[in-house]
Q: 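Next up is a structure, given as structure tokens.
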Amino acid sequence: MRVIAGTHRGRRLLGPHSSDIRPTADRVRESIFNVLGQHFDGLRVLDLFAGTGAMALEALSRNANSALLVDKHVDAVRLCKKNIANLGLETQAEVWHVDAFAALSRCRTHNRRFELVFADPPYAFQNWGELWLAMLREEVLLPGGRVVVERDRRCALPVLPAALSSQKEMKFGDTLVSIFLHSSF
């Protein structure tokens, strides 16, 4: 695994030692960022189910302002912290050791809002409807912001809330990536 572009282009990222963490493949990450664009100047990024932190770190390499990486698994948290330190991004990236729903609630409490959210849970994750509602209820995603979802192609998403609209969908083998836009009010 490596950073695809930006100030840290080509730098290696540490990968998992167990199958419990499923990092986004370089080619999938590259395709996602090609769709999102090359410049992330000033964006605040939330990486739910962060795993290795590769998605948030890629955004930081492309000039995102800050990133919050969230994972409930201790091995993933350690891996995120090591990758952040190896890239020297400690002042821009923060790691929370909580589940996604607790993180969304905490974000509201601390008035943390984001223009870009990555959600790449384990493929067995089934709580998409609850995740959408929590993200909107806690006002974590700013209007005009985007959510990038990575999931097993056999996993159907529930009907999207009216505030989210589908922007793009890409298939990579068993992986389906969807990008949603939070409509402005």
Side-chain angles (χ1 to χ4, degrees), residues 4-7 24 28-51 53-72 80 84 89 91-96 98-122 125-151 153 155-172 175-185:
I4 305 297
T7 57
T24 302
V28 174
R29 196 163 10 98
E30 184 173 19
S31 294
I32 290 169
F33 279 89
N34 283 342
V35 170
L36 292 175
Q38 298 303 312
H39 302 286
F40 293 79
D41 297 347
L43 290 185
R44 291 163 290 179
V45 177
L46 173 61
D47 192 351
L48 297 170
F49 315 97
M55 298 301 288
L57 297 174
E58 185 73 40
L60 287 173
S61 181
R62 296 169 189 241
N63 293 325
N65 187 55
S66 63
L68 174 58
L69 292 75
V70 173
D71 209 297
K72 70 178 184 178
C80 287
I84 289 166
L89 294 170
T91 61
Q92 293 174 271
E94 183 178 358
V95 182
W96 286 358
V98 296
D99 74 25
F101 294 100
L104 293 172
S105 179
R106 189 187 291 181
C107 283
R108 171 131 186 168
T109 302
H110 295 288
N111 198 30
R112 301 281 298 268
R113 300 179 80 195
F114 305 90
E115 291 89 2
L116 181 60
V117 176
F118 294 108
D120 181 11
F125 184 78
Q126 296 294 317
N127 299 329
W128 288 106
E130 292 173 43
L131 187 66
W132 299 139
L133 294 176
M135 200 177 303
L136 295 171
R137 179 184 63 243
E138 305 298 349
E139 298 178 352
V140 170
L141 180 65
L142 288 164
R146 293 177 286 181
V147 180
V148 178
V149 170
E150 188 176 336
R151 68 187 193 280
R153 66 176 171 77
C155 173
L157 291 177
V159 174
L160 287 174
L164 293 175
S165 60
S166 181
Q167 192 176 30
K168 177 87 173 171
E169 196 164 85
M170 302 174 284
K171 292 180 186 178
F172 304 91
T175 300
L176 186 62
V177 175
S178 302
I179 300 174
F180 302 103
L181 180 66
H182 185 316
S183 58
S184 299
F185 300 128

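All residue numbers in this chain count up from 1 along the given sequence. Values in this document were obtained by computation on a predicted structure and should not be read as measured data.
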Q: Are any non-hydrogen side-chain atoms of L164 and L141 less than 4.5 angstrom apart?
A: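 Result yes, sub-4.5 Å side-chain heavy-atom pair found.
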Q: Quick check: does any side chain N or O of S178 sit under 3.5 Å from a backbone N or O of E169, one acting as donor and the other as acceptor?
A: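 Not confirmed, S178 side chain does not pair with E169 backbone.
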Q: Kindly indicate whether the side chain of D47, heavy atoms from C-beta on, has any atom under 4.5 Å from the side chain of L57.
A: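 No. Closest side-chain heavy atoms not under 4.5 Å.
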Q: Locate the shortest heavy-atom distance separating V70 from A103; write the atom from each residue and the value.
A: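 Closest heavy-atom pair between V70 and A103: CG1-CB, 3.6 Å.
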Q: What are the two closest heavy atoms between L176 and R153, and how far apart are they?
A: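 Heavy atoms only, the tightest pair is CB-CA, 3.9 Å.
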Q: Do E58 side-chain atoms and I4 backbone N/O form a donor-acceptor pair below 3.5 Å?
A: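 Yes; at least one donor-acceptor contact below 3.5 Å.
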Q: Can you see which heavy atom on G53 is nearest to which on L69, and at what distance?
A: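 For G53 versus L69, the nearest heavy atoms are CA-CD2, 3.4 Å.
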Q: Would you please test L46 and W96 for side chain to side chain contact (heavy atoms under 4.5 Å, CB included) and show each step?
A: CA-CA 11 Å; L46 173 61; W96 286 358; over 6 Å; no
Q: Can you find a heavy atom in the side chain of L36 that is under 4.5 Å from one in the side chain of R62?
A: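 Side-chain contact under 4.5 Å: no.
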Q: Can you tell if the side chain of N127 reaches within under 4.5 Å of the side chain of F101, non-hydrogen atoms only?
A: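 A side-chain contact exists here, since the closest heavy-atom pair is under 4.5 Å.
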Q: How close do M135 and L104 get, heavy atom to heavy atom, and via which atoms?
A: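 Smallest heavy-atom distance, with atoms named: N-CD1, 3.9 Å.
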Q: Identify the two heavy atoms, one from G51 and one from D71, that lie closest to each other, and give their separation to 0.1 Å.
A: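 The pair with the smallest heavy-atom distance is N-OD2, 2.9 Å.
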Q: Relative to each other, are the rings of F125 and F49 parallel, tilted or perpendicular (30° and 60° limits)?
A: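 Judged by the thresholds at 30° and 60°, the geometry between F125 and F49 is perpendicular.
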Q: To the nearest 0.5 Å, tell me how far N65 CG sits from R44 CZ.
A: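 One gets 8.0 Å once the value is rounded to the nearest 0.5 Å.
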Q: Can you find a pair of side-chain heavy atoms, one from R112 and one from F114, that are under 4.5 Å apart?
A: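 With C-beta onward as the side chain, the pair touches.
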Q: Atom NZ of K171 and atom OG of S31: how far apart are they, to the nearest 0.5 Å?
A: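 Between K171 NZ and S31 OG, I get 15.0 Å after rounding to 0.5 Å.
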Q: Are V177 and V35 close enough, and set up right, to give a side chain to side chain contact (heavy atoms under 4.5 Å, CB included), and what steps lead you there?
A: CA-CA 11 Å; V177 175; V35 170; over 6 Å; no
Q: Using 0.5 Å steps for rounding, measure from the NZ atom of K168 to the CZ atom of R146.
A: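 Nearest 0.5 Å value for the NZ-CZ distance: 12.5 Å.
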Q: Look only at the side chain of S166 and the backbone of F180, and say whether a donor-acceptor pair between them is shorter than 3.5 Å.
A: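 The answer is no, because no donor-acceptor pair under 3.5 Å joins these two groups.
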Q: Can you find a heavy atom in the side chain of V147 that is under 4.5 Å from one in the side chain of H182?
A: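 No, side chains not in contact.
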Q: Hey, could you give me the CG/CG distance between L142 and L43, rounded to the nearest 0.5 Å?
A: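 One gets 10.0 Å once the value is rounded to the nearest 0.5 Å.
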Q: For side chain to side chain contact (heavy atoms under 4.5 Å, CB included), just list the numbers for N63 and F40, CA-CA rounded to whole Å, side-chain angles, deciding distance to a tenth of an Å, and then say yes or no.
A: CA-CA 5 Å; N63 293 325; F40 293 79; 5.5 Å; no
Q: In Å and rounded to the nearest 0.5 Å, what is the CD to CZ distance from Q126 to R151?
A: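 Taking CD in Q126 and CZ in R151, the distance rounds to 11.0 Å.
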Q: Less than 4.5 Å apart, any side-chain heavy atom of M55 and any of F33?
A: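 Answer yes - side chains close enough.
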Q: Looking only at heavy atoms, which two atoms of L60 and A64 are closest? And how far apart?
A: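 Nearest heavy atoms, L60 then A64: CD2-O, 3.5 Å.
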Q: For the residue pair E94 and S66, establish whether any side-chain heavy-atom pair is separated by less than 4.5 Å.
A: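 No, their side chains stay 4.5 Å or more apart.
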